[in-house]
Amino acid sequence: MAVWIKTPLGILAENAEGGLVIKDGKIAELVGKGEVPSSVPTSELEILDASNHVVLPGLINTHHHFYQTLTRACPPALNKPLFPWLKALYPIWARLSPKMIELSTRLALAELLLSGCTTAADHHYLFPKALPDAIDIQANTARQMGLRVTLTRGSMSLGEDQGGLPPQSTVQDEETILEDSERLIQRYHETGEDAFVQIALAPCSPFSVSTELMKSSAELARKYGVRLHTHLAETHDETAFCEKMFGLRPLDYLESVGWLTDDVWLAHGIHFETEEIQRLGKAGVGICHCPSSNMVLSSGICRTLELTAAGSPVGLGVDGSASNDGSNLIQEVRQALLIGRLRYPANEMTHLEAFKMATEGSAGCLGRDDIGKLEVGMAADIALFKLDEPRFSGAGDPLAALLLCGAHKADHVMVSGKWRLKNGEIPGLDMASLIAEHSSLARELVT
Ligand code: ZN
């Protein structure tokens, strides 16, 4: 049955004061002010009264490490910048088990869904011997949860013995990485509109992957038309590493391995020169801004508006839960707004710009044109927030209130026309048991 999300309190769409009609998993109609739907007879519509809700396109998270929900606020990693933080965590992460991947994926997706997220990209790059099928587990878990995912087959091939950062026990040889990448693309990658599981290739970072693997991953991705992802320009330590190891700044290194192209999106993208921002924009490279993580690790502030102006899609990511340490996407939009105000004038870094990152910008990073906007023909991925908590009392502009008053929990979320969150609950999920089991595995992993 078609659904009319009727007369919302606020909506992130033009000429839709009367709401939206959802039919066959898509947005069938935007209803103007004072109007009723014309695409479907009113008698055939299920009506959801949204007069107390603010309606957004389902939010899109473009960088995460789901497994890190098991190492939040982890004592050995507290109060450290990126490189020492990674060195404290690598040996712990090397002990991940299949059950840990399953439950951390389920928990992270539940947490994202509760915060209005309908599509999430994950970057998984740890494949210890006991865990050859981490991405398979993630794909199956995501299908059960009903969110869209871009699962990136991450990789590390440059261990300490080759001058890299990660311990040798966490890296794989290139042949194994490429074979498994090809297997995963063939098995799981869906193309076209309404895709639920997509695969991308994601060598982890310049300091954990060989030059050859950067090049061969790009060749393989282009053979199958899948996207490429990596961490880049996150810290000054990384810039120093690239200059010492390759004699190049991170962006020049990226270009030298054939990655300065529009099928690439990068996590962080902080430490670029003005001239480098122009090159990124011209090439159409996407940037995933991760404000909380960048603040937690004292990494710096991404030059979001300049990247957007140069032509890059700029999306949003919560990043892994060891450097955020939550997976709350609507709170991340607030963080993007606030940190953006430290770099740009308030009238340029507006609440609408912040929403744009988590919707259209993120869709651009993932190479998708079927999600991220409330327009006729787009997928019915929708998040509804209620302004009924004390923090919102007295608020004027409903959209601005979500960010300025600190919304943290969606009320209803729909993915491809199906309700995946209803009245703040995920149907079919026993949250108490999930938290109990997940936290018990976290204790097992860290101690
Ligand atoms: Zn990351």
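Atoms within a ligand are numbered from 1 in the order they appear, just like the ligands themselves.
When the options Arg148, Arg143, Arg368 are evaluated for a salt bridge (Lys or Arg N to Asp or Glu O under 4.0 Å) with Glu190, the one that passes is Arg143.
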**Request:** Determine, step by step, whether His123 and His63 satisfy the ring pair (Phe, Tyr, Trp, His ring centres under 6.0 Å) criterion, reporting the C-alpha distance in whole Å, the side-chain angles of both residues, the deciding distance to 0.1 Å, and the verdict.
**Result:** CA-CA 7 Å; His123 188 174; His63 186 68; 5.8 Å; yes

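For residue Asp319, an N/O/S atom approaches the Zn ion (ligand 1) to within less than 2.8 Å. His123 lies apart from the Zn ion (ligand 1) in this respect, since none of its N, O or S atoms is found at a distance under 2.8 Å. One of the N, O or S atoms belonging to His65 lies under 2.8 Å away from the Zn ion (ligand 1). In summary, His63 places an N/O/S atom under 2.8 Å from the Zn ion (ligand 1), meeting the contact criterion.
Ring pair His289/His268: centre-to-centre distance not below 6.0 Å.
No donor-acceptor distance shorter than 3.5 angstrom exists from the side chain of Ser321 to the backbone of Ser327, with no hydrogens or angles considered.
When the shell of 6.0 Å around NZ of Lys80 is examined, it contains more than 12 heavy atoms from other residues, nucleotides or ligands.
Shortest distance from the Zn ion (ligand 1) to His231 is reached at NE2 (N/O/S atoms only).
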